[in-house]
Each structure stands twice: as C-alpha cells, then as structure tokens.
There are 2 protein chains.
Amino acid sequence: MNLRDLDYICAVADHKHFGRAADSCHVSQPTLSGQIKKLEAQLGVTLFERSHKGIRVTDIGEDIISIAREAREAAQRIKSVAASAQDPLAGNLSLGLIPTIAPYLIPLFVSQLQSAMPKMSVAYREDITDRLNEALLNGELDVAVLATPPEEDSLTAIELYSEPFWLLFPEGHELGTFKNASMKDVKEDDVLLLTEGHCFRDQALSICRPAQKARRQSLRATSLETLINLVASGQGVTLVPALAMRGGWSPEMGLMSHELTDKGAERQIYLTYRKRFPRVGAVQALATLIQDGLPESVRVA
Amino acid sequence: MNLRDLDYICAVADHKHFGRAADSCHVSQPTLSGQIKKLEAQLGVTLFERSHKGIRVTDIGEDIISIAREAREAAQRIKSVAASAQDPLAGNLSLGLIPTIAPYLIPLFVSQLQSAMPKMSVAYREDITDRLNEALLNGELDVAVLATPPEEDSLTAIELYSEPFWLLFPEGHELGTFKNASMKDVKEDDVLLLTEGHCFRDQALSICRPAQKARRQSLRATSLETLINLVASGQGVTLVPALAMRGGWSPEMGLMSHELTDKGAERQIYLTYRKRFPRVGAVQALATLIQDGLPESVRVA
DNA sequence: TTCAGCCATAAAAACTGTCTATCATTTTTA
DNA sequence: TAAAAATGATAGACAGTTTTTATGGCTGAA
C-alpha cells in the first residue's frame, strides 16, 4: 500500500469515473486502473463495482476510502507542519544564560525579539555554566549565552561581544580620588567575590594578583546583586561586568565605579549551541538580535 | 512521501539508532539513512539531530512523527478492515423479495441464516418485481428473489427452485369431488387474481385459457392473503404458489386445494443480482441456504 | 449497426528503492 | 595515546515498480 494508491481510490470515489479521476491525479487512466486493481488484490477486497453506466463504491469500499482520507489528511498535515516550520524565525527555542548575564542582557533584547520574531517562542533558563553546558549536551537546551568558549567538541559558539570589567567601590573609598582604576590600586584582601561555580568568580580572580587569590574565603556572595549590596555597605570592593553597570543604582546607593584599565579586564561572551543543532538560522538570528540591542559599554566583535 | 518512509522515521524515533531501526524495518542501514535524508529534504526540515552519541529527535521531528503514527495507524486500519471483510459470509446484504414470496419464504431460512452466517446482516425489502429490478440496477439492492428471469444485461440470476401452482377453492365447491385439478376444470369467470403489477397475476393468467383473460376486471386482490380470504368467502377460486400452501389454514377456513396437473403450472424462482456485484460468494451462500430450507412441495433444480 | 465512451490489458521506458562496499567521524578500549 | 569498534553517510550496481503509449473489448446510444 502506498499513499499514492490512497489518492487514486479517493479520486475514483470522488469522480465515479476512472478517466477523470486519473486526470485529477495527473496520471494516465491505465496507471490508475492498474494501481487500483493491484491494491484491490492486495487487500483481497473489491473497492469499486465497475460498469459502463458508472462506478459504484462498494460498502467495504466506502469504509476503506473514509479511512484512506484520514491517512491522506495526516500526510497533508505533515507537509503543512513541515512547511510552517521552514521559517527559521519560528518555533520554540530554549535559551540558557548564566546568572551574571541573564538579568542584564534579557531586558536588552526581549521586546525586539517579540517584534522581530513573533513566531519564535523562547524559554529562558538561568543557571551556572557547568549545568548549562550539560543541558546543551543532552538536548535540554538549544542555545546558551556563556562567558566561556565551548570545551566539548560537539559544541560550537558565536562570539557575541566582549564585556569589560568595572571596579565597584563604596563612596568615600580612596579609589574615588582616582581618575580611573587598575587592579594594581586595589588592596589584596579588599576584593569580594561570588561563590564557586560562577564563572565570573574565576574571571575576576584571573586578573587579580596571585597573592590575592587565596584570600577572602569567608565572604562569598551568591549573586551579583548581593555582591553589590555588600560593597555598598562598605564590606570591600568588587568587579562587575559592564552590563551590570547599566542599572541606575550607583549614586543613590553610595556606590562609585571605574572602568578597569588593565589589559584583559574583560570577558568574551558566547552564544553556544550544538554543532549538529539543525536550526542554525534561528541561532544566527538570535545572535544578531542580541548584538543589535547591546549598549556601547560592550564591544561587538 | 511514502508510508514506508513514515515507518522509517517512526522506527528511528523509537530506537534512537539508525542501524537498529533499519533492522526493525528489515532493510539495510544505508537504505534507511537515504530515505530519511530524502524525506527531510522534501519536507525541508531536519527530523533528527544525528551524533555519534545518539539520535535526538528535533521538536518539529516529534510533531511530524506523531502525525506519521496517525497515518500509519490509518493504513493499518485499512488492512484490518479489508481482512475482516474477506469473509464472504460477513457484511451487509440488502435482499428484495416479491410479495407473493416474502411472507412464505423468509421464515424458511431466517433462523438458519442467523446460525450459519452470524456476521451477515440482511436487510429485507418487499416490493413488486419492477421496483426490485430498478433497485437492483441502481445499487439500492444487492440481491432479489424474483419469479422472472433478469431482463437487463447487467443482471444475472441463480435458479433457486420451481414452484408449482395450486388451485384453491372453497369447501363445497364442485372441484372438491375431483381427485386432482386442471385449469380445464375451472370456470372461466370463477378465477380471482391479484392487482396488476404483481408478477404472479401474469403467471396465473398465462395458464388460463385465452377467453378467461379479459374477465373479472372488477375483483382484484392486493395481496395473496386477501385473495385467499375472498376464496374462503365463496367469491371464486384462485391459484396460489406452492409455498403459500404451507400455512395450516386450509381446513379451518373452509378452503380446499389441489395441486394443478397442467403442464407449465409452475413458476421458476430466481435469486437475481448484478453481474458486477463483487460479493458473489455471499450471494451463492444465500442461494444454497435458501434452497436447503425449502420444503418438498417445490423443486430445486 | 455503427459510433463513442469507458475500463482493462500489454509491452516498453522511466523511475525508485534497495543492496553491497566503503568512507569519515567519533567513541571506546588497550 | 594509539588502535579498534561503532555509527551514520556516500557511491554505484541492480531489481522491482510505476508510468506511459498503444490497443482491445465491452456497453449503451444514435
């Protein structure tokens, strides 16, 4: 049996005439006759009672043809579902972001996303790099905004932007007298960091002098917001990524900041996805959309 | 697209492994890979994300495969409906009978029909020959028990039995003194007949002497039962077909009867159906069943 | 009776699906 | 780290199926 055979019998049932049915299927009449004859033989059932007056559909023929229509309709639905999925800017996309990016980046593109890709529905997930990578690998996630390049061979990434680090310190701190800041100006045990697992912790540590690295085990914040509040309350200074500076909180909260002048005081942000992920178009579109929404405080490659 | 292709994608979705899916479809792995690749190209959609770790079904793939399962299920249903319709002793059959046969013949085979062909459901229709023939031709009816051979080329018939005519007369009638009866013994204007349209009227007339034929225009019964009652009330004599004699009414109602000795005082009963009617098996089975239930008063060919 | 309409049949041609053999890549194992 | 195993993709030959054109036979109508 064959979907085409089902087309043929439905056409004959509709036209009650082999020749016209054949025309409607764009095949010759012998083709249609032959295929229907074969199908009848396979099923062991006569679908049509042929006579020169006209075609009569047998009782069993009626039954079978109505099921055939269901099958054809399903096949048709497959085609239209596939056709409407053609659009790379449609469908579901699950997007992961790390906690030091999500709250600052998402507002920069969500509304644009809605208007530019209304048929794309994005599910967000905020988690630390390791877990996002894992989710990418097992297919729970389609794409992720990460601050580390992919390590697995099966992953690849688009470079989104590079994000400078800023030094955040409380009002009245001696750094306030400086025009700009470098890590050299920071006291070793003055730097507050995130808890382990946050990649930004490692990135911040990597631009500290070696001596600093072992210190301050006791004070670790679980989020950037907490960290900032700690700084505001005079517990020390910290580094924040540029996008986190977008909030208007600095003056009111008694916080001051300098962009760091140190070379390498920045991190590269990637849009990571599986190499085999089929909807590269959607990923590309998302990357461009994110980049278009970025402020000038970060540098797009 | 093809039902086989749908089998393939469902198998891959089930096994998450091309090789094993190919095995389950009893084809080689390249065949399966190739067909799926082609289907994906046709649909313009990636159904599976292939990697060496395992197969991941894409979102659109999930959608399409679930529809594919519907189509496969419909195809399967076609096969099983056809298979269960293989049985010639199953299905619906519409059976017509003429009024001078129906009430006497149906009781002779209905119970046998139920037990011998329990999956066959017969719809009965009682009507005069012309209308039954018409219904046969336009497909309203599948078979008919008629007392005339088919006239249309597209119809054919099985000879069921030949049914002698009996002469029915009231008790006290002079015919009661005879051992047997012939039409020669009957007074011309004594014969009561059915209304026009009943073939039995014509059959009865045909064995009357020509002189009788123009008479008795005024008394015409619309049914055999009426005719018999008319005879019982002394209005005349009549002919009845043998099967109508089966009832136990003769003595009680003051009726007597002789089987006619005239040559040709009988009629041939046919089971008529369209030459092209596909379920000849059902018709044959019905014919045999009817014949098996007949009494000895009629002759099976 | 002839003619036109309709479905069935036959033989050749085109197409499609399948197989074997082989490759490239990835993962596992030694 | 290198060899082996596993997995899916590719290529070319082959077989089976579908399709087409040409033709036949039957039926109903003029």
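Numbers restart at 1 for each chain; the letters A, B, ... are given by sequence-line order, proteins then strands. The basis for the numbers below is simple: all heavy atoms, side chains too, and nothing from hydrogens, waters or symmetry mates. If you're wondering where the values come from, they're calculated on a predicted model, not measured in any experiment.
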- prompt: For A:R77 and A:E73, what are the C-alpha separation, side-chain angles and deciding distance, and is it a salt bridge (charged side-chain N to carboxylate O under 4.0 Å, His left out)?
  reply: CA-CA 6 Å; A:R77 226 159 60 236; A:E73 184 272 337; 2.6 Å; yes
Salt bridge (Lys or Arg N to Asp or Glu O under 4.0 Å) filter on B:D130, not counting sequence neighbours, yields none
Winner on side-chain proximity to B:R20, out of C:dC7, D:dT7, D:dG8, is D:dT7
| message | Check the phosphate of C:dA8 against A:R50, side-chain N and O only, distance under 4.0 Å to OP1 or OP2. Yes or no? | response | yes
**Request:** Quick one: do A:D202 and A:R267 satisfy salt bridge (charged side-chain N to carboxylate O under 4.0 Å, His left out)? Show the steps, please.
**Result:** CA-CA 11 Å; A:D202 307 323; A:R267 60 179 184 173; over 6 Å; no
When rounded to whole Å, the NZ to C1' distance for the pair B:K37 and C:dT16 reads 17 Å
By side-chain hydrogen bond (donor to acceptor under 3.5 Å, both in side chains), A:R50 pairs with (sequence neighbours left out) A:E40
Protein heavy-atom contacts under 4.0 Å, written 5' to 3' over nucleotides 20-30 of chain C as B (base), S (sugar-phosphate only) or - (none), form the string BB---BSS---
B:E152 atom CD is separated from D:dA29 atom C1', nearest whole Å, by 14 Å
Taken to the nearest 0.5 Å, the spacing of B:Q76 CD from B:S80 OG works out to 6.0 Å
Quick note, B:H17 side chain, CB onward, closest among D:dT7, D:dT19, C:dA8 is D:dT7
Students often get this wrong, so: under 4.0 angstrom with heavy atoms, is B:Y8 touching a base, only sugar-phosphate, or nothing? sugar-phosphate
